[in-house]
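Numbers restart at 1 for each chain; the letters A, B, ... are given by sequence-line order, proteins then strands. Predicted, not measured: the structure shown is a model, and the values here were computed from it.
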Amino acid sequence: MKLTLPDNSIRELPEGSSGYDLAKDIGAGLAKAAVAIEIDGEQKDLHDPINSDCCISIITIDSDKGLEIMRHTLTAQVLARALKNIYSKSFLAIGPTIDNGFYYDVEVDEGISVDDLQKIEDEMHRIIKTNSSITKKLKSKKDALKIFKSLKEPYKVEIINESDQKDDFQLYYQDDEKFIDLCRGPHLPSLSFIGSFKLTKVSGAYWKGDSENKMLTRIYGTAWNNEKELDKYLSDIEEAQKRDHRQLGKEMNLFHFQDEAPGMVFWHPYGWTIYRQLQNFMRQKLEDSGYLEINTPLVVDRKLWEASGHWDKYRENMFITEIDEEHANEKRVNALKPMNCPCHVQVYNQGIKSYKDLPIKFAEFGSCHRYEPSGTMHGLMRVRGFTQDDGHIFCTEDQIESETGKFIELLSGVYADLGFKDFDIKLSTRPETRVGSDDVWDRAESSLEAAIKNLGYPYKIDEGDGAFYGPKLDFVLTDAIGRDWQCGTFQLDFNLPERLNAEYVGEDGNKNNPVMIHRAVLGSFERFIGILIENYAGKLPFWLAPQQVVIASIISDVNDYSIEIMDLLKKEGIRAEADLRNEKISYKVREHSSKKVPIILAIGNNEKNDRTVSIRRIGSNNNNVLKLDDAIKEITKENSV
RNA sequence: GCUCAUAUAGCUCAGCGGUAGAGCACUUGCUUGGUAAGUAAGAGGUCACCGGUUCAAGUCCGGUUAUGAGCUCCA
């Protein structure tokens, strides 16, 4: 048979030869490094027989694919076996690879904590030292079921039972055959290929990802080809943690949280400065894009939430208030708004709207409260009280595509200004339960898609993840440790205008419901500021930095000159402070640098006598001496987006 | 909400049954020093909260609250 290699060369081998035979035929070095093969794009075990002509490539241990197979074998063959050895009453579930590593889900009676990881690792090392080869046997469904029933592995039995596959279930064995794993493979041909690894954390995870199911114990690990790569990964993680906005928020004195208001931010002066800068920036952008800013009540009677449908569908996430009966004239139940949309419809509904008025775009820096489950809160990224750069576009169906385009342009401009060149776009399409006809959904989804395509942005489709009331686009940014956060959003809504009687008079004189589009660029100020801090590791762009310039005196004789500089900068709208403390300049430089102040002006006798400043920028050890007037001009010029 | 872990000075952490500790920060002296920590002294704590075990509890046990890592959720 003819085997076509990736370089298009062809090798002839007898039928039934394996990838290993091919590798040997090419060279001994390759045979030594080969761990699996890929036939017509599908990964197979190295020793699987090949029975016909095909395109084939050999996966070596030092390739990315080889590394992933190694991680897979490490979790499914080694970690799983170690767990069975240590916890005799455990049941294995699944063990896939993930970015940089792997995990294994297992049910155990006794809890496993991080303190137990060392002994599990030790057992893994012991297993790896056997250098066992790994062989595969194909079993029928019946036999596979029998084997895993006798091994008392209920999760494996469930997997086999639920599989459509009839035959050829792949069972992997190590030399002593005392451990059997059901797996779609491929696996390493031998444990000798395992590199360096470390078990990193333990957590709970629901079986099949369903919170109705039992919670299993999940053990995470990371694995690399050698010790050096493992160490690099671990130190990269440590570096990334230094960018954590919660840590930087403390160091830079931006905000805090406390027990009495979980998930609600106490903004400190410096943090609130960032917030205000961002808000002013956004306000200008919205105004430039034709939005009219409004403001609506925080506390609203339940009647409105009943009308909007939130009372039914969203109540468990709402903060509900009652007025103290003793003092109230009437007993009303109110809720803090979790969203601004119903209130925006109320503003829209004042007066009669004509088709000529559309689109109408309202914007609000809307303060919302949502009772988020306790386990989901995370610094500024996921909070219970937050402010959206919210807006609603009331338009006709025909206007959807052009409004989508305008929005993406607005968003990408804002993101670029804030330093985000890369963001992911996700298009969520119709879910199973929904309102509106398929016809309307067809048009809505294709308008959204057409608008992204026209602008040339890559996007991903998330089938069935749309809201019941319409499809949506989500704009996702990534935090310091690689977690994704939805920031911008653009959601079509065919439902709410009808529910809340939003109407316009059409050309024909009849009343119609407009389409409503819920949209946000930043998403929430809280989350976005968290992302900004992490993205810049605290070193915010000059215009956003809470302290922009610190004037640090070297000796007290120059205090008057330092104050003069501060006042001149302040007159230009620069956030300048003077540090006149009786401390050494190196001490002051250290302190202000660690607080990420963009510019430090060191002032001594030389500067005072020559009316100059010595300017030092964050991230640089250079200091340039500039004429005071020039320095002020330069700094002032920098103070814009 | 679920699993596991954590909670000691403003911050970072040590202490793990027997009189509450360190470094930094803070206050006060001395020091006026040229670009990432000058120096000495002082002050600072109801060891998250509630309960239990014990002659004795930051320390062991249970509960509550909050936080962290995941999981689920985020219309």
With sugar-phosphate meaning primed atoms plus P, OP1 and OP2, does A:Y103 contact a base, only sugar-phosphate, or nothing at under 4.0 Å between heavy atoms?
nothing
Whole angstrom is fine here: how far is it from CZ in A:R370 over to C1' in B:G1?
18 Å
Gap in Å between the two P atoms, one belonging to B:C47 and one to B:A20, rounded
10 Å
Per-nucleotide protein contact string for nucleotides 32-48 of chain B, where B marks a base within reach and S marks sugar-phosphate only (heavy atoms under 4.0 Å, - for neither):
BBBBBBB----------
Between A:W485 and A:I531, is a side-chain contact (heavy atoms from CB on, under 4.5 Å) present by the stated rule, with each step listed?
CA-CA 9 Å; A:W485 296 98; A:I531 298 263; 3.8 Å; yes
Option passing side-chain contact (heavy atoms from CB on, under 4.5 Å) with A:L83 (candidates A:T217, A:V108, A:I112)
A:I112
So what's B:U39 paired with, Watson-Crick or G-U wobble, going by both distances under 3.5 Å?
B:G29
Restricting to nitrogen or oxygen on both sides, can you table the protein-nucleotides 2-7 of chain B pairs closer than 3.5 Å?
from	atom 1	to	atom 2	distance (Å)
B:C2	O4'	A:Y206	OH	3.4
B:U3	O2	A:G204	N	3.3

Base paired to B:U53 (Watson-Crick or G-U; both N/O distances under 3.5 angstrom):
none
Rounded to whole Å, how long is the line connecting atom CG of A:L199 with atom C1' of B:A69?
15 Å
At under 4.0 Å between heavy atoms, what does A:Y314 touch on the DNA or RNA strands: base, sugar-phosphate, or nothing?
base
Looking only at atom C1', what distance separates B:C2 and B:U54, rounded to whole Å?
35 Å
Re B:C73: Watson-Crick or G-U wobble partner, both distances kept under 3.5 Å, found to be none
Separation of the C1' atoms in B:G52 and B:U59, to the nearest angstrom:
15 Å
Distance between P atoms of B:U65 and B:U46 (Å, rounded):
24 Å
B:U67 pairs with which nucleotide, Watson-Crick or G-U wobble, both distances below 3.5 Å?
B:A5
Would you mind classifying the nucleic acid contact of A:K313 as base, sugar-phosphate or nothing, using non-hydrogen atoms under 4.0 angstrom?
nothing
Could you tell me the Watson-Crick or G-U partner of B:C47, where both distances fall under 3.5 Å? Say none if there is no partner.
none
Taken to the nearest whole Å, CD/A:E260 to C1'/B:U67 is 14 Å
Separation of B:U67 C1' from A:Q247 CD (nearest whole Å)
13 Å
For A:K588, which contact category applies under a 4.0 Å heavy-atom criterion: base, sugar-phosphate, or nothing?
nothing
Could you work out which one of B:C11, B:U72, B:U67 sits closest to the side chain of A:P262?
B:U67
Please check if the side chain of A:E445 supplies one atom and the backbone of A:R430 the other of a donor-acceptor pair under 3.5 Å.
yes
Any strand, both distances under 3.5 Å, Watson-Crick or G-U wobble: B:C13 pairs with B:G21
If only side-chain N and O atoms count, and only distance matters, is there a donor-acceptor pair under 3.5 Å linking A:N317 with A:E372?
no
Between B:C13 and B:A9, how many Å separate the two P atoms, rounded to a whole number?
12 Å
For a side-chain contact (heavy atoms from CB on, under 4.5 Å) check, start with the C-alpha distance between A:R370 and A:F319, then their side-chain angles and the critical distance, and finish with the verdict.
CA-CA 7 Å; A:R370 298 180 188 174; A:F319 283 97; 5.8 Å; no
Expressed in angstrom and rounded to an integer, what is the separation of A:H518 atom NE2 from B:C74 atom P?
16 Å
Rounded to whole Å, how long is the line connecting atom NE2 of A:H592 with atom P of B:A25?
13 Å
Report which part of the nucleic acid A:R483 touches: base, sugar-phosphate, or nothing (heavy-atom distance under 4.0 Å, all strands).
sugar-phosphate
Determine the interatomic distance between P on B:C71 and the same-named atom on B:C24; round to the nearest Å.
40 Å
Report which part of the nucleic acid A:H378 touches: base, sugar-phosphate, or nothing (heavy-atom distance under 4.0 Å, all strands).
sugar-phosphate
Sugar-phosphate only, base, or nothing, as touched by A:G209 at under 4.0 Å among non-hydrogen atoms
sugar-phosphate
Only residue of A:W267, A:F365, A:F386 satisfying ring pair (Phe, Tyr, Trp, His ring centres under 6.0 Å) with A:F525 is A:F365
Quick check: on RNA chain B, is the nucleotide nearest A:R382 upstream (toward 5') of the one nearest A:G263, or the reverse? Name the residue that is more 5'.
A:G263
Looking at A:W441 and A:R434, would you say the former's side chain and the latter's main chain have a donor-acceptor pair under 3.5 Å?
no
Rounded interatomic separation in angstrom, taking CZ from A:R246 and P from B:C11
16 Å
Please give the distance between the C1' atoms of B:G45 and B:A37 as a whole number of Å.
26 Å
What form does the base of B:G29 take, syn (within 90° of 0) or anti?
anti
Are A:Q247 and A:Q241 close enough that a side-chain donor and a side-chain acceptor fall under 3.5 Å?
no
Please check this pair: side chain of A:Q548 against backbone of A:R575, looking for a donor-acceptor N/O pair closer than 3.5 Å.
yes
For B:A22 and B:A41, measure between their P atoms and round to the nearest Å.
12 Å
Rounding to an integer number of Å, can you tell me how far A:M377 CE sits from B:U65 P?
12 Å
Would you call A:E564 and A:K608 a salt bridge, taking side-chain N to carboxylate O under 4.0 Å as the test?
no
With ring pair (Phe, Tyr, Trp, His ring centres under 6.0 Å) as the test, pick out the partner of A:W224 among A:F102, A:Y233, A:F197.
A:Y233
Please evaluate residues A:T296 and A:V347 with respect to the criterion side-chain contact (heavy atoms from CB on, under 4.5 Å), reporting the C-alpha separation (whole Å), side-chain torsions for both, the decisive distance (0.1 Å), and the verdict.
CA-CA 9 Å; A:T296 60; A:V347 176; 4.1 Å; yes
